[in-house]
Structure formats: structure tokens, C-alpha cells
Q: 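Take a look at this one; I'll ask things after.
Note that ligands are numbered from 1 as they come in the structure, with each ligand's atoms numbered from 1 the same way. Computed over heavy atoms, backbone and side chain alike; hydrogens, waters and symmetry mates excluded.
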Amino acid sequence: MENKIIKNHNLFVSEEEKTLNWLEVQNSFKQNFGSEVYNSWLEKIALVKEYNDYLILSVPTRFFRDWIVSRYLDKILAIVKEFKLSLNRIEFKIVEENKQSQELIKIDELNKVTEIKDSILNYNRLNPNLNFNNFIQGKSNEIALSYSKKVCEQVSRYNPLYVCGGVGLGKTHLLNAIGIELQPQNNVMFISAERFMYHFIKSIKKNDMVNFKDFFRKSSVFIIDDIQFISGKDSLQEEFFHTFNSLIDKGSQIIISSDRNPMKLDRVQERIKSRLAGGLVVDIDVPDIELKIKILKKKIEDIQSQFKENINLDDDVIQFIASESKTNVRELIGILNRIVAFSRVHNKNLSINECKNILKDIFNQTKVITVDKIQNIVSNYFNIPLSDMLSQRRSRPLARPRQIAMYLAKKMTTRSLPEIGRRFANRDHTTVIHAVKTIKRLSEQDDEMKKNITQIKSLLLEQ
Ligand code: ADP
Ligand code: MG
């Protein structure tokens, strides 16, 4: 008898100690459900309270709760049980987003975020879904589209082809389409400028420049996405310039995208700018309403054939979505996906009013930024293991990212300085103060630091 009590007691203690790491659970949701479902629904779930055998989770609206309960609850329970076996029940609490925990950052636009994350994943891997067949032509992109096709017919006639336009307007899609088209007969290299930089720096560290150069110079079609990120670092620009020149000299086709005109690239050497502008520069503009409607209709068709289901959105609803989405195509598609999801659950045609409500929800989205999330993203960004970043080691390649993470934790969460210190392997709050001051000063003085901070913030908001 006595034995049993002790055993139970032990069991209880060990379970108590094993608090869930919600970020890990969320990651597992993402892997199990896919990013589409995750971004639309599961990301919004927060952990309110953890008991030995059940969890209280929060969701932003009643509708969210019903949807999640009706479609995903069993799987959610199975997943959390993998982290904590004793759980057998989940309760949901509705917490309106503006009243949720204080660790909230408001996002007023859907898409202020750059492509960094995507481009890392896309590195040299062409996405078969981004091709010419499903790129819809409109006034804003017809010139860019027609020259992209011409490049495929007559390689190195327009060299380089430089596609410029704002975020979410279809640059990556077009570059990808060119890559797909040319791949059968060519050695196509498709890389983001971010990734190019990453490899460059890695090969310097590993003393492996020869391979780096060979690797890039052997391509006959070299596609580089988001070249605005190559600015800064002189040595990198030199390398880029050499690669660029030797490729052009041997008749390789170069295709470049950027969010701005070559002459407007920041901190890029003049000779590189004029070389970039020396081929053909084409713009993609913000889509007009006709193009938006065409894209929506095509997307609806795609969803219908992919999921073998009927999606009934009236023309005036489509018109409404097109006129509401002001910024770019990515946002437009995001909105459509949400609306389709809602119309599925209601199983009926949505009215304009219902769409208005959904859009209100979308535009009022909030994102939870936690210290964990910041630590993960910062360590990934600098490509160092999280354990090293949190360790006591003081070498600069670890200390700077650590300080940046502390700085962002102070700026982007409501955690107090001592709380932040504790999350960083029990450091003292004075260490956090020092970090915050240092990074604040550096980010005012040093462009590189400023850029790092901006990009990490974008990544955090994008998650
Ligand atoms: P960018 O690289 O300019 O930021 P993307 O190429 O990533 O933009 O485009 C954002 C999203 O919009 C992608 O899903 C892309 O397929 C889609 N898209 C953009 N323009 C078009 C178009 N004209 N037709 C079909 N889809 C488009
Ligand atoms: Mg892009």
C-alpha cells in the first residue's frame, strides 16, 4: 500500500515537471496537418493551462472552436499525447484576440514580410506548381511575362533579364516558370540572393572558395531571386560580380528578380548596378481588378479539381474579394483560401456580408511572439545550434545572436528583464539590460545589424 502511494506520488511529480513545450507541440501540428491547415487554424491555438490529464487551450472565436473540434480534435489529442501520455481530454476556452495573453504583436498588413523563408526552401529546387500555364496574364505583368517567355525561346538574347516588382506580385513565380521551361536542355541554377550569401560565407569559413565558384559557374542558366539582399558586404559583391561576368562571357543566361530597379539597389557598387541594368529590365505592377478576378477564378478552378469539390462563390462575392484585397496577389490568394475554408464549413454560398466578417477577422489577425520562438528563429537565422546560443560561451559568433535574441525578447514580448534572463540559461537581468543597450546602439550605427534585425523581425511575424 505504502509502495503504491509513493509510486503514484512519483508519477505525479514527474508529470508535473514535464510541462509541455507548446512551441514543439505547434511544430508537430504543422508537420502533421501541413502548413495550410496549420496557418489557417492551428497556429491560433494557445496553451492556457496544463493539468495532469487535460489541457485548456484558447481559440479566438466560437467559430474557430467549433471548426477545430469538429475536424481536428482527435488528431490534436493524439499529437499532444505524444508529448504527454497522461493527457486524455482537451478543453477550449474562447479568448478574444485583443484580450489574449499580453505577448501579442499586432500585424496591420497581411504581407509586410519578405521572401527569405521561402527562398531558403526553394534553393535550387524548382517548384513545379509555379509554371507558365498557371501564371495569369494581365496589364500589370504582360511585358514581364512576354519577355520571360522570349528568354526561353532565345537564350541569352536579353541578358540579364531583370524582373522587378513589389512583394507578392509574381516574381518568384515567373523566375520559376523560366527555370522549369529551360531545365530540360540546360543546367539551371535557381537560388535566392540570401542563399547565395549563405553559401558564400560558409565557403569562406570552410576555406572552400574554389568549389563555391565552380558550383555556380557551371550553370548555363543562372536565376537569382531577390537580389536586393546581396547589397552590403563588398567581398560578396565582388564574388557575385565575378560569377556574373564569367557567366555572361560564356553565354549563360542570367535572370534576376528584385523589389526595386537596379539603379536603386542600396549599397551596391555602381559597376554592378550598371551591369545589372545592362540587359533588359521589366516591371511587374500591382494587379488591376480584372487580373485579380481572373486569378481568383483560376484558383477556384484549381481547388475544385484538386479536391474534387464544388466551390460556389457568386460573381459578386469574387468581385468583392478582388476589390478588398489592395496589396498583392499573395494576399489575394490568402484571402480566397480563408473564404473557401469558411464556405466549406457552412456548406453554402457565402454572402458579401459574411465575407466582410471573415475579412475583418483576417485583417485583425494577431500573432503570438514568445521568447522560445525568438530564440529558435535567431539561432536558425545565424545557423548556430540553440544550445550554443544559450550556453555560457562568450565568443562573438554566439554572443551577438544571443544579445539580439534578448533584445528582441524585450522589444517584442511583455516579459520582464529578469524573466528574459531566466529564459537565457538563468542569466542575470543586468546581462539582458546590457544586451538590449548594445544591440540598440549597434542597430542605429551599423547597417548590417539593422538589416539583420529587420529580417529577423520579418521572420518572426511571418511564422
Ligand atoms: P514575389 O516573388 O513577387 O513576392 P510570388 O511569385 O511569390 O511573388 O507570388 C505570390 C503568389 O501569387 C504566388 O502564389 C504566385 O503563384 C501567385 N501569383 C502571382 N502572380 C500571379 C499570376 N499572374 N497568376 C497566378 N498566380 C500568381
Ligand atoms: Mg519572391
Q: Which atoms of ligand 1 have any heavy atom of T172 under 4.0 Å away?
A: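 In order of number, 1 (P), 2 (O), 6 (O), 7 (O).
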Q: Closest heavy-atom contact between V167 and R330?
A: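 Between these two residues, the closest heavy atoms are CG2-NH1, 3.9 Å.
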Q: To which of K171, E142, Q137 does the heavy atom nearest atom 3 (O) of ligand 1 belong?
A: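 Result: the heavy atom closest to atom 3 (O) of ligand 1 is in K171.
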Q: Please list all pairs meeting ring-ring contact (aromatic ring centres under 6.0 Å, His included) that have one or both residues in residues 244-283, counting only residues at least two apart or in different chains.
A: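 Of all non-adjacent pairs touching residues 244-283, those that pass ring-ring contact (aromatic ring centres under 6.0 Å, His included) are F240-F244.
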Q: For the 3.5 Å polar cut-off, considering only N or O atoms, please tell me whether I333 and ligand 1 meet it.
A: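 N/O-N/O distance under 3.5 Å: no.
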Q: With sequence neighbours excluded, what pairs up with E181 under the side chain to side chain contact (heavy atoms under 4.5 Å, CB included) test?
A: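 By the side chain to side chain contact (heavy atoms under 4.5 Å, CB included) rule, E181 matches F132, C152.
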Q: Backbone, side chain, both or neither: what part of D226 comes under 4.0 angstrom of ligand 1, heavy atoms only?
A: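 Within the 4.0 Å criterion, D226 makes no contact with ligand 1.
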Q: Which pair of heavy atoms, one from L408 and one from I453, lies closest together, and at what distance?
A: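 The pair with the smallest heavy-atom distance is CD2-CG2, 4.3 Å.
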Q: When rounded to the nearest 0.5 angstrom, what distance separates CD1 in I223 from CG in L182?
A: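 Between I223 CD1 and L182 CG, I get 7.0 Å after rounding to 0.5 Å.
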Q: Ligand 1 versus I284, non-hydrogen atoms closer than 4.0 Å: side chain, backbone, both, neither?
A: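 Neither part.
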Q: Can you list the ligand 1 atoms lying under 4.0 Å from a non-hydrogen atom of N141?
A: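 Those qualifying, in numeric order: 23 (N).
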Q: Which atom names give the shortest non-hydrogen contact between L442 and M449, and what distance separates them?
A: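 Shortest heavy-atom contact: CD1-CE, 3.7 Å.
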Q: Based purely on interatomic distance, does G168 place a nitrogen or oxygen under 3.5 Å from a nitrogen or oxygen of ligand 1?
A: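 Min N/O separation from ligand 1 is below 3.5 Å for G168.
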Q: Any chance you could measure R271, atom CZ, to R275, atom CZ, to the nearest 0.5 Å?
A: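 Answer rounded to 0.5 Å: 10.5 Å.
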Q: Does any N/O atom on L291 come nearer than 3.5 Å to any N/O atom on ligand 1?
A: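 N/O-N/O distance under 3.5 Å: no.
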Q: Atoms of ligand 1 less than 4.0 Å from G166 heavy atoms?
A: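 What qualifies from ligand 1 is 3 (O).
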Q: Have a look at Y38 and tell me which of K30, Q26, K44 forms a side-chain hydrogen bond (donor to acceptor under 3.5 Å, both in side chains) with it.
A: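 Running side-chain hydrogen bond (donor to acceptor under 3.5 Å, both in side chains) over K30, Q26, K44 with Y38 returns exactly one hit, Q26.
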Q: Would you say L130 and ligand 1 have an N/O pair spaced under 3.5 Å apart?
A: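 N/O-N/O distance below 3.5 Å does not exist for this pair.
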Q: Please determine whether T172 has a backbone or side-chain N, O or S atom lying under 2.8 Å from the Mg ion (ligand 2).
A: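 Under 2.8 Å: T172 contacts the Mg ion (ligand 2) through an N, O or S atom.
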